[in-house]
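Here the structure comes first, spelled out in structure tokens, and everything after it is commentary.
Within every chain, numbering begins at 1; the chains are lettered A, B, ... in the order of the sequence lines, protein sequences first and strands thereafter.
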Amino acid sequence: MPAAEPAVAKPSVPGGPFSQTAKYVPQEFEAQWFAKWQADDLYKTTPADERPKAYILDFYPYPSGDGLSVGHCRNYVPTDVLSRYYRMNGYNVLHPMGWDAFGLPAENAAIKMKTNPAKLIAQYAANYKRQFGLIGISYDWSREINSSTPEYYRWTQWVFLKLYNAWYDPRLNRAVPIANLESELARQGTRDIPGSDPLSAEQWQALDGKARKEFLANYRLAYRKPAWLNWCPSCKTVIANEEVRDGECWRCGTLVEKRTMSQWFFRITAYADRLVADLQTIDWPEHIKLMQKNWVGRSEGAEVDFATAAGDLRIFTTRPDTLWGATFMVLAPEHPFVAKLTTAERKSEVEAYVKDAMRKTEADRTAVEKDKTGVFIGAYATNPVNGAPVPIWAADYVMMGYGTGAIMAVPAHDERDFAFALKFGLPILPVIARTDGLAKSFALGGTMHFGFADALRAEAIPFEEKQGSLYVTIPPTKLERYIELAQEYVRQGAWNEIVGARWLFIFGRGDLETFGGAENEKRILMRCHALEPNVRGKRTVMEMLHAVEFYHDALFHAEHGAMINSNEFSGTPGDAAVSQVVAWLAQTGKGKARVNYKLRDWGISRQRYWGTPIPVIHTAQGEVPVAEQDLPVKLPDVESYEPTATGESPLATIEKFVNVTLPDGTPGRRETDTMGTFACSSWYYMRFADPHNARQPFDPKEVAYWLPVDTYVGGAEHAVMHLLYSRFWTKALYDLGYISFIEPFTRLRNQGMILAPDGKEKMSKSKGNVVTPDEVVAQYGADALRAYEMFISDFEQATPWNTNGLGGTYRWIRKAWDLLNSPAPSAPTTVDEPADRELIRKMHKTIKKVSDDIASFRFNTVISALMEFTNALNDAAGKVSIAGFEQARDALLIMLAPVVPFMAEEIWARKGRPYSIHQQKWLTYDAQLAADDVMVVPVMINGKLRDRVELPVGASEAQVKDAALQADNVVRHLAGKPPLKVIYVPGKMVSIVAK
RNA sequence: GCCGAGGUGGCGGAAUGGCAGACGCGAAGGUCUCAAAAACCUUUGUCCAUUUAGGACGUGUGGGUUCAACUCCCUCCCUCGGCACCA
């Protein structure tokens, strides 16, 4: 780490040390020191300079009325330690804080308390700020931002306009101005634009202004389209997902309905591939990257059209090789074809089902696997590969937002389809061969002639016999032989079947039916029904087979095996099946390859007051974006913050806000939706680089210096959405030339949650189990709280707040205080030189451990290393030289500075050293002084630890092995047996293998 | 349901293929004290042995890879985070 001179603070105001008490009484000096640091601007960040920079950022919080708990401090303390550590290492550090002030909690609080949300936020933020000061967090408050101020949201609106005026050109693979598209359309239509609906230049020119705008909406990065919302018919408002409990409104308990309204979206899906690819360039926890990748959910497959009475029904499938096994289709309940195709006699049932399904959340719809629901709509589609009629169902396990909202169900090879088909008695036809060769047969007692068991034994075909029935697992090599035997032994009027690697029903010699294809399925079922009354209730062959527990693992699989029962494609090997079928679909015009994403466009519209107004005006000629120079579109004051009965935001009732006249005299209505708060948080980290700029969102020079964020820290609950949206905005602004980096957060770390003291509950005011930093600071002081927050557990792991441990940390700090404040011990009569050397060795080992662990977020072991060093110093007192002791004491004090900044500063002042300890240089680690001169090598025999040998560090392999073989307990355990193998892992271990 | 994380002494946790339990809490015994508190010292995974030496077992469950597994692979169980309008 390069060491540059730290910035020099302003001339010191008088003060410090603030206490002369010998005992550790943190309450006597902590608040005074914080006031002095603030007065001196000790933590004020300077503008861009030639020093290396470190931008260390905490997720900015919504300042809740409840204030901070000790749980919240879990991330603020460690990032503060990290910031202080970087400052001491000569970095120019940006460590700011601000408020995510818009959104539902503030609005709901305002409605409840009948106060302006801005006032509430100001009050709550002031409390947070006070608490941050209490625990010594070194934010530069001159850079404080608040997302709900016009100074800030003006630029959120500015980004909206940039996205609105851009489109994603798939040929350049980046966003470009929408004007480029308009001129291309005027010149040559959509001819060269991949994936576009055909439109000629002439057709474009013939469109009027409004129609052109509607066409361009298909391309803009910010656009409007109809989408579903939760609607409470009693409150007459749109309600958030969080406000829906078991399908009911959390306020009034009314059943929530779904409504469609036109909503604004950002086209994040255009960036899907880049959002995945660029994950490689950043240092984030692997599991977070994986979650983002899965959230984007790229899958390759095909879209295929199934003909229906209402026209082609387009489905998306990742398994086009299973098309021949499609035995029904499933539409999302909200799919437009449901209404179009439902037959008159099914209508009431289908409508009831759809209404019910629309109430559920997505998680509810896909949950509870045993309880698949759905309804037949009475209509059929035609499978394009074989002309087979396929019944169409509506079921809530299919989502409108994924693929085309319609699937072909292949129950033999899709788990959800399998469960659904079993429940509703739909045929299940295998069309892909198993890759493991598992074949089974259950010979029910009385169906086979006497001697069958002996015949199987003679052929070495394994089986189990229970209550007269045979459970046979047929090895692949014996399959043909089994078929012969079964024909020979099956009784007249009975049958034997084989499932798994083969699907065969054996009714007698030469009387075999292959289970494959719809016709055979029906015929087999009829014959079985005729022969055996017990199976007459079974609606399909598979249902009949599924009644046999023994068969369960052989009936279903989702592997990529060779195709079977698929006409001319039968026999196509598994690794080629998908690509060959896709090629054939494209060639015959039945379908085509398609890449699909789980990721959906980002909906930003909120029918709420407390958010950034969307800067758009609606006119008879279509929507018009507000001109950049007319920003911000300010939130007007309103009487009531509650949404209107029409579902619009309260803004819709403010005539002065809504009605506008454009410069050319055209009357217009302002958009009254506001943006969800993820918009505000998608760029705030850029604003911190230049937070008070009134002319631009930020000075490009400052952003070029400070961004990207070097270390970004917050809860894992934001793993996907906030982080994905921020990455998207960064890439869009990069494409449009405003910034020069493609990823906003170079290093990301997530803190684990601190749970309530009594177990597994979260801390929450309603449960009354919140521990506040205020009460802990009052009792133990801020430094003890800081150290304990670090010590409590691994940074990323959730853990309960255990107050017992706090006392131990406090005792350690007090011990360190006594040690550092005590007068220099008198020189020992004889200086123990090895002890002297040992203390300095421990010091350098501690410097390394503490430095490495702070930098890599292992804060709990930072504290344990400092505890060990404190203990080592106490043990060494009076035994080592005064010079050595003082050197080690000073090292401890410097290392304590980022962790317990108040105490370190107080001791520093008492020692008369120049203010401030927080501007001192960090320590240098000396590998030679840290090196051991002896090593203890454990010796294992056959994996069990038997002895240890002590040797000088430079000992050769031969010397170590020799010593190991001569160790007392090793000799005893070998008992004269020669070692077969002796492994030496240098410096670590000797492992002996002996018979 | 889908995606992700986790499960180690009485408790928080350490150890990322190489001595399981660092560090801290708690507990037991001791020193000091008229006494208590504080502080300090000793012990502290379980079991067997105990005079010493030692030995067996042990990181949610069951299996596997390896000279060596808390660590890597597979099965199952349990807990937690997210699932697109809470942020």
Checklist entry - Closest heavy-atom contact between A:Lys598 and A:Trp295? => result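 Nearest pair, atom of A:Lys598 first, then A:Trp295: CB-O, 3.6 Å.
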
Distance check, [atom1] atoms only: [N] and [M], in whole angstrom units.
N: B:rC73; M: B:rG6; atom1: P; value: 12 Å
N: B:rU8; M: B:rC3; atom1: P; value: 25 Å
N: B:rC11; M: B:rU44; atom1: C1'; value: 14 Å
N: B:rU59; M: B:rA69; atom1: C1'; value: 11 Å
N: B:rA14; M: B:rC85; atom1: C1'; value: 43 Å
N: B:rA68; M: B:rA20; atom1: C1'; value: 14 Å
N: B:rG10; M: B:rG45; atom1: C1'; value: 10 Å
N: B:rG21; M: B:rG64; atom1: C1'; value: 26 Å

Interatomic distance, [X] [atom1] vs [N] [atom2] [rounded to whole Å]:
X: A:Asn942; N: B:rG18; atom1: CG; atom2: C1'; value: 16 Å
X: A:Met721; N: B:rG81; atom1: CE; atom2: C1'; value: 12 Å
X: A:Ile604; N: B:rA84; atom1: CD1; atom2: P; value: 18 Å
X: A:Met261; N: B:rC85; atom1: CE; atom2: P; value: 15 Å
X: A:Leu229; N: B:rA84; atom1: CG; atom2: P; value: 13 Å
X: A:Glu717; N: B:rC83; atom1: CD; atom2: P; value: 10 Å
X: A:His718; N: B:rA84; atom1: NE2; atom2: P; value: 15 Å
X: A:Leu723; N: B:rG81; atom1: CG; atom2: C1'; value: 14 Å

Checklist entry - Should the ring pair A:Tyr725 and A:Phe678 be called parallel, tilted or perpendicular, given that the plane angle runs from 0 to 90° and is split at 30 and 60? => result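 The arrangement is perpendicular - the two ring planes meet at more than 60°.
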
Checklist entry - In terms of the angle between their ring planes, are A:Phe745 and A:Tyr712 parallel, tilted or perpendicular, with boundaries placed at 30° and 60°? => result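 Geometry flag for A:Tyr712 against A:Phe745: parallel rings.
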
At under 4.0 Å between heavy atoms, which parts of [range] does protein reach? Answer with one letter per nucleotide, 5' to 3': B base, S sugar-phosphate only, - none.
range: nucleotides 53-58 of chain B; value: SSSSS-
range: nucleotides 37-48 of chain B; value: -SSS--------
range: nucleotides 4-12 of chain B; value: SSS----SB

Within the structure shown, what part of the strands sits under 4.0 Å from [X] by heavy-atom distance: base, sugar-phosphate, or nothing?
X: A:Ser605; value: base
X: A:Gly603; value: sugar-phosphate
X: A:His722; value: nothing
X: A:Leu980; value: nothing
X: A:Val720; value: nothing
X: A:Gly676; value: nothing
X: A:Gln263; value: base
X: A:Trp812; value: nothing
X: A:Asp968; value: nothing
X: A:Phe678; value: base

Does [X] reach the main-chain N or O of [Y] with its side chain, forming a donor-acceptor pair under 3.5 Å?
X: A:Ser649; Y: A:Leu651; value: yes
X: A:Asp783; Y: A:Ile813; value: no
X: A:Trp610; Y: A:Ala101; value: yes
X: A:Tyr685; Y: A:Ser726; value: yes
X: A:Gln779; Y: A:Val776; value: no

Does NZ or CZ of [X] fall inside the cone over [Y]'s six-membered ring, less than 6.0 Å from its centre and within 45° of the axis?
X: A:Arg267; Y: A:Tyr223; value: yes
X: A:Arg245; Y: A:Trp250; value: no
X: A:Lys225; Y: A:Phe265; value: yes
X: A:Arg727; Y: A:Trp284; value: yes

So do [Y] and [X] actually touch side chain to side chain, heavy atoms under 4.5 Å?
X: A:Ile792; Y: A:Arg74; value: yes
X: A:Leu68; Y: A:Tyr76; value: yes
X: A:Phe102; Y: A:Met675; value: no
X: A:Leu819; Y: A:Asn874; value: yes

Item to check | Nucleotide-level pairing of RNA chain B, given in dot-bracket where Watson-Crick and G-U pairs need both distances under 3.5 Å and | marks other strands | outcome: (((((((..(((.....[....)))((((((.......))))))((((.....))))..(.(((..]....))).))))))))....

Next on the checklist: With side-chain contact (heavy atoms from CB on, under 4.5 Å) as the test, pick out the partner of A:Ser147 among A:Tyr60, A:Trp683, A:Tyr153, A:Tyr62.
Outcome noted: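 When A:Tyr60, A:Trp683, A:Tyr153, A:Tyr62 are each tested with A:Ser147, the side-chain contact (heavy atoms from CB on, under 4.5 Å) holds only for A:Tyr60.
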
Checklist entry - A:Tyr788 and side-chain contact (heavy atoms from CB on, under 4.5 Å): which partner among A:Tyr810, A:Tyr780, A:Trp801? => result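 For A:Tyr788, the side-chain contact (heavy atoms from CB on, under 4.5 Å) test succeeds with only one of A:Tyr810, A:Tyr780, A:Trp801, which is A:Trp801.
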
Checklist entry - Is the centre of the A:Phe857 ring less than 6.0 Å from the centre of the A:Phe859 ring? => result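 Centroid distance A:Phe857-A:Phe859: below 6.0 Å, so yes.
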
Item to check | Base orientation of B:rG9, syn vs anti, 90° cut from 0 | outcome: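 Base orientation relative to the sugar is syn.
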
Checklist entry - More 5' along RNA chain B: A:Asp794 or A:Val936, using each one's nearest nucleotide? => result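 Upstream on the strand: A:Asp794.
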
Checklist entry - Between A:Ile863 and A:Asn230, which is nearer to the 5' end of RNA chain B once each is assigned its nearest nucleotide? => result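 Comparing both residues, the 5'-ward one is A:Ile863.
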
Next on the checklist: Looking at B:rC23, I'd like to know if its phosphate oxygens (OP1 or OP2) sit under 4.0 Å from a side-chain N or O belonging to A:Asn871.
Outcome noted: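 Looking at the OP1 and OP2 atoms of B:rC23, neither is under 4.0 Å from any side-chain N or O of A:Asn871.
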
Checklist entry - So, is A:Arg606 close to the B:rC85 phosphate, meaning a side-chain N or O under 4.0 Å from OP1 or OP2? => result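 Checking A:Arg606 against B:rC85: at least one side-chain N or O falls below 4.0 Å of OP1 or OP2.
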
Where the side chain of [X] is defined as all heavy atoms beyond and including C-beta, which of [options] is the nearest nucleotide?
X: A:Val985; options: B:rC83, B:rG18, B:rC19; answer: B:rG18
X: A:Pro938; options: B:rC86, B:rC19, B:rC23; answer: B:rC19
X: A:Lys598; options: B:rC67, B:rA15, B:rA84; answer: B:rA84

Item to check | Residues that A:Arg841 engages under salt bridge (Lys or Arg N to Asp or Glu O under 4.0 Å), provided they are two or more places apart | outcome: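 Partners of A:Arg841 under the salt bridge (Lys or Arg N to Asp or Glu O under 4.0 Å) test: A:Glu838, A:Asp932, A:Asp933.
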
Item to check | Of residues 104-112 of chain A, the positions that come close to RNA chain B - non-hydrogen atoms, cut-off under 4.0 Å | outcome: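 A:Leu104, A:Pro105, in order of number.
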
